[in-house]
Amino acid sequence: MLARDLVAERIAGAVEAAQQQGLLPAAALTGPAVERPQKAEHGDFASSVPLRLARAARMPPMEIAERLAALVAPHEAVARVWAAPPGFVNFALSDDWLREQVDAILAQGTAFGNSAVGGGRRVQVEFVSANPTGPLHVGAARGAVLGSTLANVLAAAGHEVSREYYINDAGQQVRLFYESVFAQYAQALGREGEEVPPGGYQGEYVVELGRELASEFGERFAQGEREEATREVGEAGLQRMLANIKADLELIGVAFDNWFSERGLFEGGEYERTLAYLREQGHTLEREGALWFNSSALGDDKDNVLVRGTGQPTYFASDIAYHRDKFVKRGFDQVIDVWGADHQGHVPRMRAMMEALGLDPARLTILICQLVTLKRGGETVRASKRTGELITLRELVEEVGADACRYFFLARTAESQLEFDLELAKRQSADNPVYYVQYAHARIAGILRQAAERGVGWEDGDTQLLTHEAELALIRKMAQLPELVETIARTLAPHTLPHYAGELATAFHWFYDHCRVLSSDPEHLALSKARLRLAAAAQTALARTLGLMGVSAPERM
RNA sequence: GCGCUUGUAGCUCAGUGGAUAGAGCGCAUCCCUGCGGAGGAUGAGGCCGUGGGUUCGAGUCCCGCCAAGCGCGCCA
């Protein structure tokens, strides 16, 4: 059990005891039982329950705090419980319990930080899902980092996680892409009069695709039936684009369990079934020659077209079929969609969609990730697929590195707009927060290497010898990781991970500064071994934290 | 015009309704007879956009206003 939960149980128990003894009137507790105080002098945990109970109890909060503190049941992990003004009950963990955590962490190894709160619930995280009609840009990078980290944390918290990329390979945009690619293919073969259609894809990458396909297929599709040729060449281009996207994502350590094809919804009949279901349930209406989803009846501020007058389904129609597939066909307990801010207007209709499908809207969480503004030396550069001025994910990673890229994107809340100055990122690269954390890990690796060279084994180190303030502070920080994993799994806000990583590194550096680990003095051998165990545990905690973030934990730098 | 998000130190950003608002970078001043100085210590720097409200208590919740970003299509 987490120390936090243990303390929460104790404060709840004390309240109950006080009520039974008539010291406190029966009143329901609201809000969290314990919190992490900001100041170390306030202990490891604090409860503001007395402050919140004061009114109902018609007693001064400090008096309640004193009564509760006296009633808290003892536990070996808790060394001290005390009331503090204006009405807190503070808890300090015992040194013995802290020291035991070192051995516990080493025993858990790479599993340290894991939790079972997820209870094996099946969660799907769908993220990136950028159209395969062009290379990934920086906005997609942010979503990729957020989604993959979330997936890592949810898995660590005991969920069965599936990472998914939805491929928009049906519809008008794909058609335009086919034609654009075919035009470039034909141009590469020297054919006159082949132009990218109006509104088509103009980027240099399409020209490049055309050249590649020309050298691969030669004249094979240059003659013959135009429709057929466009589809064949376009599809080959799409597959190449997807392969590029996959490769780009690998650059920042992102991999998917499933690549889901929109086209498959039509081919597999899910689209038809979904539409039939919506019709039967009376959620559709015909108007102006089109089929509409009656979403305004379900809380949206307007209705949405499902099938255009032309008979072409909208993106939204397949999106409903897609989510029906997720929940009804595949049975995910929870689905998290990571979207860019440019899709935020679609959130209400997704809620309406869940209602229409007879599903609990709470099972679908849509995380909106605000846009990334790129700056280059003070000049704002907007990443856009249409202007041709692309700052791609690949360019970004090649300039600042995958680790720094992930760390920077992660360190901010999803809902805050992110200003990323490429020049600044590069200039600060030697003094980057990510290197600070990685350096701590590498430093420990160095110490452990030296210990091995000197033939100092630390398996039998006695952690009870760890008494220095810096040693205990380091353990305290390490022991917070499982709690953090649970919190992030609940809040879906992993930006606290880089902050924690920094604090953990600081705690280690402070320990390193005050506590000599290796020593040539034989009298210090026992302490040395104990500290080696602590250092190894700190390395485990750092590696796990970095691992959850998808940032590398180097042995040397 | 309407909706969503944001406004906290010079810059980039943290801050589960609770105790004296924090970090990194930048700036200033210190610390190496020793395990990696990509380190450590100290300091300066804040009407938390603004005006009301709720509360024992508001950076945090509610309302108005100001400012920024993004949406508001039979585009995706």
Side-chain angles (χ1 to χ4, degrees), chain A residues 31-32 34-39 41-42 46-48 51-52 54-55 60-61 84-88 90 130-131 133 168 171-174 176 199 287-292 301-302 304-316 319 340-348 368 370-371 373 385 408 411-421 424-425 427-440 442-451 454 487 490-491 493 495-496 498-499 502-503 505-506 508-510 512-520 528 531-532 535 556-557:
Chain A
V34 287
E35 56 206 67
R36 284 277 186 184
Q38 292 189 355
K39 301 264 172 196
E41 71 225 44
H42 297 140
S47 176
S48 60
L51 286 162
R52 279 177 275 142
R55 176 184 280 267
F88 290 97
N90 293 339
N131 279 354
T133 52
N168 291 117
Q172 189 57 25
Q173 288 305 312
V174 171
L176 264 176
R287 194 195 302 158
E288 297 154 28
L291 183 72
W292 295 70
D301 56 359
K302 60 182 185 313
N304 291 278
V305 173
L306 291 170
V307 184
R308 303 184 184 97
T310 61
Q312 287 281 318
T314 61
Y315 172 86
F316 180 46
D319 223 23
D342 50 343
H343 286 74
Q344 64 188 242
H346 296 171
V347 173
I368 298 295
Q370 290 297 321
L371 301 187
T373 306
K385 277 188 184 177
F408 263 71
R412 283 132 178 83
T413 56
E415 58 268 19
S416 74
Q417 287 145 223
L418 194 157
E419 205 160 275
F420 199 101
D421 192 325
L424 194 68
R427 200 167 71 233
Q428 292 181 347
S429 63
D431 232 342
N432 226 306
V434 65
Y435 294 118
Y436 176 81
V437 177
Q438 290 178 319
Y439 180 68
R443 219 177 199 184
I444 297 171
I447 294 170
L448 297 181
R449 266 197 306 275
Q450 274 219 23
R454 296 186 191 185
T487 302
R490 194 181 67 247
T491 60
H495 68 278
T496 45
H499 294 277
E503 288 170 3
T506 297
F508 173 75
H509 286 311
W510 195 55
Y512 176 88
D513 215 51
H514 288 81
C515 303
R516 173 88 198 172
V517 177
L518 297 173
S519 171
S520 47
S528 200
R531 287 177 171 170
L532 280 166
R556 297 170 202 271
M557 290 174 74

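Proteins come first, then strands; the chains are lettered A, B, ... in the order of their sequence lines, and each starts at number 1.
- The distance from atom CH2 of A:Trp292 to atom CG of A:Leu306, rounded to the nearest 0.5 Å, is 9.5 Å.
- Spacing between B:rG17 and B:rA21 at atom C1', rounded to whole Å, works out to 15 Å.
- With rounding to the nearest 0.5 angstrom, the CG atom of A:Asp421 is 11.5 Å from the OG1 atom of A:Thr373.
- Between the side chain of A:His509 and the base of B:rA41, no donor-acceptor pair under 3.5 Å is found.
- In this structure, B:rG45 makes no Watson-Crick or G-U wobble pair, since no nucleotide meets both defining distances under 3.5 angstrom.
- The 5' end of RNA chain B is approached more closely, in terms of each residue's nearest nucleotide, by A:Ser519 than by the other of A:Phe316 and A:Ser519.
- Checked against a 6.0 Å centroid threshold, the rings of A:His509 and A:Tyr439 count as neighbours.
- If you check B:rG1 for Watson-Crick or wobble pairing at under 3.5 angstrom, you find it paired to B:rC72.
- Separation of the C1' atoms belonging to B:rA28 and B:rG10 is 14 Å when rounded to the nearest angstrom.
- Shown here, B:rC32 is classed syn by the O4'-C1'-N9-C4 or O4'-C1'-N1-C2 angle, which is within 90° of 0.
- Atom OH of A:Tyr512 and atom P of B:rG34 are 11 Å apart (whole Å).
- Going from atom CD of A:Gln417 over to atom CG of A:Leu371 covers 7.5 Å, rounded to the nearest 0.5 Å.
- Comparing B:rG18 with B:rG51, their C1' atoms are spaced 25 Å from each other, to the whole Å.
- Rounded to an integer number of Å, the gap from A:Arg36 CZ to B:rA21 P is 22 Å.
- Close to B:rA14, at under 4.0 Å from its OP1 or OP2, lies a side-chain N or O of A:Thr413.
- A donor-acceptor contact under 3.5 Å is formed by the side chain of A:Asn90 with the base of B:rA19.
- Without hydrogens or angle criteria, A:Ser48 side chain to A:Phe88 main chain gives no donor-acceptor distance under 3.5 Å.
- Spacing between atom NZ of A:Lys39 and atom P of B:rG18 amounts to 16 Å, rounded to whole angstrom units.
- Rounded to whole Å, the separation between the C1' atoms of B:rG22 and B:rU8 comes to 10 Å.
- Of the P atoms belonging to B:rG45 and B:rA9, the separation is 14 Å, rounded to the nearest Å.
- With centroids closer than 5.5 Å and planes inclined by less than 30 degrees as the test, A:Tyr439 and the base of B:rG39 fail to qualify as a stacked pair.
- Look at OH on A:Tyr436: it is 10 Å from C1' on B:rG24, rounded to the nearest Å.
- B:rC11 and B:rG73 have their P atoms separated by 37 Å, given to the nearest Å.
- Comparing A:Met557 and A:Gly345 by the nucleotide of RNA chain B whose heavy atom lies nearest to each, the residue mapping closer to the 5' end is A:Met557.
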Protein-nucleotides 4-6 of chain B N/O pairs closer than 3.5 Å?
{"residue": "B:rC4", "atom": "O2", "partner": "A:Gln344", "partner atom": "OE1", "Å": "2.2"}
{"residue": "B:rU5", "atom": "O2'", "partner": "A:Glu415", "partner atom": "O", "Å": "2.6"}

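- Nucleotide B:rC13 forms a pair with B:rG22, judged by Watson-Crick or G-U wobble geometry with both contacts under 3.5 Å.
- As judged by a 4.0 angstrom heavy-atom cut-off over every strand, A:Ala341 is placed among residues touching the sugar-phosphate backbone only.
- When the C1' atom of B:rG36 is taken as reference, atom OH of A:Tyr435 falls 17 Å away, rounded to whole Å.
- Between B:rG40 and B:rC4, the distance separating the two C1' atoms is 45 Å to the nearest Å.
- Counting non-hydrogen atoms under 4.0 angstrom, A:Ile447 reaches the backbone sugars and phosphates but no base.
- If you take NE2 of A:His42 and C1' of B:rA21, they are 14 Å apart, rounded to a whole angstrom.
- Where stacking is scored as ring centres under 5.5 Å apart with planes under 30°, A:His343 registers as stacked on the base of B:rA76.
- Atom CD of A:Glu419 is separated from atom C1' of B:rC13 by 11 Å (rounded to the nearest Å).
- With a 3.5 Å ceiling on both atom-pair distances, the Watson-Crick or G-U wobble partner of B:rG64 is B:rU50.
- A:Gln344 places a side-chain N or O within 3.5 Å of a backbone atom of A:Ala341 that can act as its donor or acceptor partner.
- Between the CD atom of A:Gln312 and the C1' atom of B:rG73 there is a distance of 16 Å, given to the nearest Å.
- The backbone N or O of A:Ala414 sits nowhere less than 3.5 Å from a side-chain atom of A:Arg412 that would complete a donor-acceptor pair.
- Between the OG1 atom of A:Thr314 and the CZ atom of A:Arg308 there is a distance of 6.0 Å, given to the nearest 0.5 Å.
- A perpendicular orientation is assigned to the rings of A:His499 and A:His495, their planes being inclined by more than 60° (bins at 30° and 60°).
- Across all strands shown, A:Arg490 has no heavy atoms under 4.0 Å from either base or sugar-phosphate atoms.
- Both distances falling under 3.5 Å, in either a Watson-Crick or a G-U wobble arrangement, occur for no nucleotide opposite B:rG59.
- Looking at heavy-atom distances under 4.0 Å, A:Ala46 makes contact with a base.
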